[in-house]
Amino acid sequence: MTSPRIALVTGAARGIGAAVAERLAADGLAVAVADLDERACAEVAARIASAGGRALAVPIDVSDESSVARGVAHVAERLGPPTVLVNNAGVLRDNLLFRMTNDDWSTVMDVHLRGSFLMSRAAQGHMTKAGFGRIVNLSSTSALGNRGQANYAAAKAGLQGFTKTLAIELGKFGVTTNAIAPGFIATDMTRTTAERMGVSFEELVEHGVKDIPAGRVGTPADIAAVASFLAREDAGFVNGQVIYVAGGPKD
Ligand code: NAD
């Protein structure tokens, strides 16, 4: 039997990241569940183990270079060299431009853009050495512009350029890089948005669904299914793409 591929999913303690980690484990990969909160990671890792999968909880702050170096080395030592990386960790600091602070701007850039850069740079050596790799970055429909999200929209659009550039640089080593751009997905992140807007989550969903041709909001499993496809060995000719998973056309 060949040994399983090793995946590392950031922001995997909850929401989309947890669903991706559980889906990749169900696909037969060993999965490093990485997040700021080690205890929450351990819960996801335990769920994977009880479903018969192999997982390791690992604390990583993706915006911190030494934490990234430590975390990736720990995964390589305990599970094996990570050749599938899902850059999913994310935060919101929404505000209209005139109210947006320097901190709102930098925090979002540090987690989404710097975080994906640090993680990809730290993991790519394992991938090129193996002659196989899959990097999946989480963009968003907000990359096309969204009120109150100048920071987040810029970061998510930046991730699309980052994705295409890694695809060009790493393609010849058997490493693909693609982005998933979700629309409205029901998670703690969108619950926070409802709170900020002073509406209930149900009201936000009801309002959001009006613009979604599929007639419903998305679930973390909708995103995990696409990540699962992009991580497959036979998806090796899909490279540098941004796949909108939004219940309708967006780009
Ligand atoms: P979430 O807020 O539920 O989960 C995000 C996770 O990232 C949390 O567990 C958090 O602890 C972790 N995280 C934050 N900062 C981190 C850091 N510095 N290092 C490591 N982990 C960190 O969010 P979600 O809705 O599951 O979103 C996941 C990704 O999908 C994000 O990149 C988000 O921008 C993107 N996305 C979400 C939606 C949506 O509608 N929910 C839409 C488009 C894109």
Side-chain angles (χ1 to χ4, degrees), residues 8-23 32-45 57-68 70-72 75 85-94 106-119 122 136-146 149 151-160 162-163 179-197 201 204-205 207-209 211-212 216-224 226-227 242-247 250:
L8 199 172
V9 185
T10 69
R14 68 183 198 193
I16 294 170
V20 169
E22 293 187 70
R23 174 63 194 254
V33 178
D35 207 299
L36 293 171
D37 182 345
E38 191 175 3
R39 232 183 50 162
C41 287
E43 282 170 27
V44 176
V58 48
I60 298 181
D61 176 350
V62 298
S63 66
D64 179 311
E65 188 177 0
S66 55
S67 170
V68 166
R70 253 195 327 274
V72 172
V75 172
L85 170 66
V86 182
N87 285 314
N88 166 84
V91 289
L92 294 180
R93 293 291 184 273
D94 294 357
S106 321
T107 301
V108 166
M109 292 301 155
D110 282 354
V111 176
H112 295 270
L113 271 182
R114 182 178 158 83
S116 299
F117 158 65
L118 292 175
M119 288 299 305
V136 179
N137 297 316
L138 266 290
S139 179
S140 167
T141 52
S142 293
L144 304 168
N146 199 24
Q149 293 196 317
N151 49 2
Y152 185 79
K156 292 307 200 187
L159 276 172
Q160 298 192 7
F162 179 67
T163 297
I180 301 173
F184 187 145
I185 310 297
T187 66
D188 288 337
M189 185 176 270
T190 37
R191 284 182 189 281
T192 309
T193 302
E195 266 170 45
R196 180 182 59 84
M197 294 171 76
F201 186 64
L204 189 71
V205 167
H207 180 77
V209 163
D211 292 330
I212 303 174
R216 66 172 177 90
V217 299
T219 64
D222 288 321
I223 306 306
V226 180
V242 178
I243 303 179
Y244 282 83
V245 184
K250 280 289 173 188

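When a ligand or atom number is given, it counts from 1 through the structure's own listing order.
Look at S139 and you'll find a heavy atom under 4.0 Å from some atom of ligand 1. Residue-ligand proximity: G183 is placed with a non-hydrogen atom under 4.0 Å from ligand 1.
Contacts between A12 and ligand 1, counted as non-hydrogen atom pairs separated by less than 4.0 Å, are absent for every part of the residue. Residue contacts with ligand 1, taken as heavy atom pairs separated by less than 4.0 Å, involve T190 solely via side-chain atoms from C-beta onward. When non-hydrogen atoms are compared, ligand 1 lies under 4.0 Å from the backbone of V62 as well as from its side chain. At a heavy-atom distance under 4.0 Å, atoms from both the backbone and the side chain of D61 approach ligand 1. By the criterion of a heavy-atom distance under 4.0 Å, the backbone of I60, and not its side chain, is placed next to ligand 1.
Taking only non-hydrogen atoms, the option from N87, I16, L118 nearest to atom 27 (O) of ligand 1 is I16. Closest to atom 25 (O) of ligand 1 by heavy atom, among T187, T141, T193, is T187. Considering V217, V91, V245 only, the shortest heavy-atom separation from atom 15 (N) of ligand 1 involves V91. Summarising the contacts of atom 43 (C) of ligand 1 with S116, G208, P182, the nearest heavy atom is found in P182.
Between the K156 side chain and the G145 main chain, no donor and acceptor come within less than 3.5 Å of each other. The backbone N or O of G208 sits nowhere less than 3.5 Å from a side-chain atom of D211 that would complete a donor-acceptor pair. When atom types are taken as modelled, the side chain of N137 and the backbone of N87 share no donor-acceptor pair closer than 3.5 angstrom. A distance-only check finds a donor-acceptor pair linking the side chain of D64 to the backbone of S67 [under 3.5 Å]. A donor-acceptor contact shorter than 3.5 Å is absent between the side chain of S139 and the backbone of L159. Side chain of D61 to main chain of L36: no donor-acceptor pair is present (N/O by atom type, distance under 3.5 Å, no hydrogens or angles). Under the 3.5 Å distance criterion, the side-chain polar atoms of T219 are matched with a main-chain donor or acceptor of D222.
The protein heavy atom nearest to atom 8 (C) of ligand 1 is D35 OD2, 3.6 Å. If you check which protein heavy atom lies closest to atom 6 (C) of ligand 1, you get G11 O, 3.6 Å. The nearest heavy-atom contact from the protein to atom 40 (O) of ligand 1 is I185 N, 2.9 Å. Distance from atom 31 (C) of ligand 1 to its nearest protein heavy atom, with residue and atom name: N88 O, 3.1 Å. Among protein heavy atoms, atom 5 (C) of ligand 1 sits closest to G90 O, 3.7 Å. Ranking the protein heavy atoms by distance from atom 33 (C) of ligand 1 puts Y152 OH, 3.4 Å first. The shortest contact between atom 22 (C) of ligand 1 and any protein heavy atom is with A89 CB, 3.6 Å.
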How far apart are the C-alpha atoms of I212 and V217, what are their side-chain angles, what is the distance that settles it, and do they pass the side chain to side chain contact (heavy atoms under 4.5 Å, CB included) test?
-> CA-CA 7 Å; I212 303 174; V217 299; 4.2 Å; yes
Check against side chain to side chain contact (heavy atoms under 4.5 Å, CB included), N88 and V20 = CA-CA 9 Å; N88 166 84; V20 169; 5.6 Å; no
Given V72 and L85, is the side chain to side chain contact (heavy atoms under 4.5 Å, CB included) satisfied, shown in steps?
-> CA-CA 10 Å; V72 172; L85 170 66; over 6 Å; no
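Test L92, T187, D188 against T193 for side-chain contact (heavy atoms from CB on, under 4.5 Å) and you get one pass: L92. Checked against V33 for a side-chain contact (heavy atoms from CB on, under 4.5 Å), the options V9, V44, V58, I60 give a single hit: V44.
The shortest N/O to N/O separation between R14 and ligand 1 falls below 3.5 Å.
In summary, the atoms of ligand 1 found under 4.0 Å from a heavy atom of V111, numbered by their order in the structure, are 15 (N), 18 (N). Close contacts between ligand 1 and G15 involve ligand atoms 26 (O) [criterion: under 4.0 Å to a heavy atom]. Close approach of ligand 1 to K156 (heavy-atom distance below 4.0 Å) involves ligand atoms 32 (O), 33 (C), 34 (O).
The closest side-chain donor-acceptor pair between D110 and T107, if any, does not fall under 3.5 angstrom.
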